[in-house]
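Here's the structure we're looking at; comments come further down.
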Amino acid sequence: MASSTHSFLSLCVRAADGNDDIPAPLHSTHQILMVCDLLEISPQVIPINPNKMIKEFLNIISSRKLPALVYGSDEPYNVIDESTEEIIEFLEMANQKIDPNPTKKLTSSNKAALELQRRNFLSSFRMMMRNKEREEKAKANLLNDLHWLDITLTAQNTTFLDGETMKFPDTYLLPILHLIRIAGKAKNFEIPEKFTRVWSYLMAADNVPAFANHKPSDKEVIHHWSR
């Protein structure tokens with residue numbers, strides 16, 4: 001497994017459909033890579049086709065769950081694979097051990113961040129793309145949540161959800177918005193132009209390397225989510 005400046009870390013993620021060399025365009029992968037970038041942690045990223053898991057990885061990731069964070073310099077390696085949230089908590093904790101007083105504080109407890117936890121951007125997006133019978137309901141839910149986000153960003157008058165720099169809530173929401181922005185077109189859904197603050201939020205993210213350098217290509221997003 002690969003070494004970073006913080007620990008021996010490898011991030012195993014699901015491989016793209018038809019291309020085992022790149023990560024699939026999933027929200028969780030984009031989010032974790034954004035967090036790593038913001039914390040200046042550099043794991044080796046290993047795309048894995050879950051249908052072709054070789055024995056080497058089955059011996060390490062016995063649960064077959066992806067994404068999985070594998071760390072440690074000697075076997076048996078330690079594995080975190082219960083949830084994306086657990087992986088991010090570990091990364092934050094590892095970073096704090098290296099830098100107890102980081103200049104970049106990614107945790108947020110403002111009202112918008114707390115309200116975000118009660119919104120259903122991801123589940124509504126998945127429903128729109130995968131459940132024909134509930135597609136229109138999902139679109140209505142997305143419009144409602146996008147309207148909330150536009151109002152919230154306007155009221156706060158900040159570039160991101162909690163200030164002028166990205167924090168953990170942004171790493172959760174922005175990858176979903178990117179999927180909606182690209183894959184939604186396959187379902188004749190686009191983020192309305194009238195939600196100007198949502199669009200400026202996305203455009204600001206496009207200029208931040210932590211977001212832009214790890215977002216999947218439009219081609220991969222459309223291929224994966226239009227199946």
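Everything numeric in this text was worked out from a predicted model, so none of it was measured.
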Once you round to the nearest 0.5 Å, how far does [atom1] of [X] lie from [atom2] of [Y]?
X: Asp81; Y: Leu69; atom1: CG; atom2: CG; value: 10.0 Å
X: Leu26; Y: His224; atom1: CG; atom2: NE2; value: 5.0 Å
X: His30; Y: Leu179; atom1: NE2; atom2: CG; value: 8.5 Å
X: Leu33; Y: Ser28; atom1: CG; atom2: OG; value: 9.5 Å
X: Ile88; Y: Gln31; atom1: CD1; atom2: CD; value: 3.5 Å
X: Leu91; Y: Leu9; atom1: CG; atom2: CG; value: 7.0 Å

Checklist entry - Are the charged groups of Lys194 and Asp150 less than 4.0 angstrom apart, N to O? => result no
Item to check | Carboxylate-amine/guanidinium contact Arg14 Asp17, below 4.0 Å | outcome: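 Yes, this pair counts.
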Mind listing the closest non-hydrogen atom pair of [X] and [Y] along with its distance?
X: Thr171; Y: Met34; answer: CA-CE, 3.8 Å
X: Arg181; Y: Trp199; answer: CD-CZ3, 3.8 Å
X: Phe211; Y: Ala205; answer: CD2-O, 3.2 Å
X: Pro23; Y: Pro47; answer: N-CG, 4.0 Å
X: Pro43; Y: Ile41; answer: CD-O, 3.4 Å
X: Ile32; Y: Pro67; answer: CD1-CG, 3.7 Å

Item to check | Pairwise side-chain contact, Glu115 with Thr152, heavy-atom cut-off 4.5 Å (strictly under) | outcome: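 Side-chain contact under 4.5 Å: no.
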Taking [X] for its side chain and [Y] for its backbone only, find out whether a donor-acceptor pair lies under 3.5 Å.
X: Asn131; Y: Arg134; value: yes
X: Asp145; Y: Leu142; value: no
X: Asn19; Y: Ala15; value: no
X: Asp170; Y: Leu161; value: yes

Item to check | Tyr201: which of Thr158, Thr159, Leu173 passes side-chain contact (heavy atoms from CB on, under 4.5 Å) | outcome: Leu173
Checklist entry - Under a 4.5 Å side-chain heavy-atom rule over Ile, Leu, Val, Met, Phe, Trp and Tyr, are Met127 and Met129 clustered together? => result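 No, separate clusters.
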Checklist entry - Hey, any chance Leu38 and Val13 share a hydrophobic cluster, counting ILVMFWY side chains that come within less than 4.5 Å of each other, even indirectly? => result yes
Next on the checklist: For Lys137 and Asn141: C-alpha separation, side-chain torsions, deciding distance, then whether side chain to side chain contact (heavy atoms under 4.5 Å, CB included) applies.
Outcome noted: CA-CA 6 Å; Lys137 173 64 174 175; Asn141 290 343; 3.7 Å; yes
Exceeds 12 heavy-atom contacts within 6.0 angstrom, atom [atom1] of [X]:
X: Arg126; atom1: CZ; answer: no
X: Asn157; atom1: CG; answer: no
X: Arg130; atom1: CZ; answer: yes
X: Glu164; atom1: CD; answer: yes

Distance-only check: which donor-acceptor pairs under 3.5 Å involve side-chain atoms of residues 182-192, not counting sequence neighbours?
none

Next on the checklist: With side chain to side chain contact (heavy atoms under 4.5 Å, CB included) as the criterion, how do Ile80 and Tyr71 come out once you've worked through the C-alpha distance, each side chain's angles and the decisive distance to 0.1 Å?
Outcome noted: CA-CA 9 Å; Ile80 300 175; Tyr71 66 98; 3.9 Å; yes
Checklist entry - Does the pair Lys215 and Asp206 meet the rule for a side chain to side chain contact (heavy atoms under 4.5 Å, CB included), with working shown? => result CA-CA 9 Å; Lys215 67 182 180 183; Asp206 284 333; 2.8 Å; yes
Item to check | Criterion side chain to side chain contact (heavy atoms under 4.5 Å, CB included) on Leu177 and Leu149, from CA distance to verdict | outcome: CA-CA 11 Å; Leu177 292 179; Leu149 179 60; 3.8 Å; yes
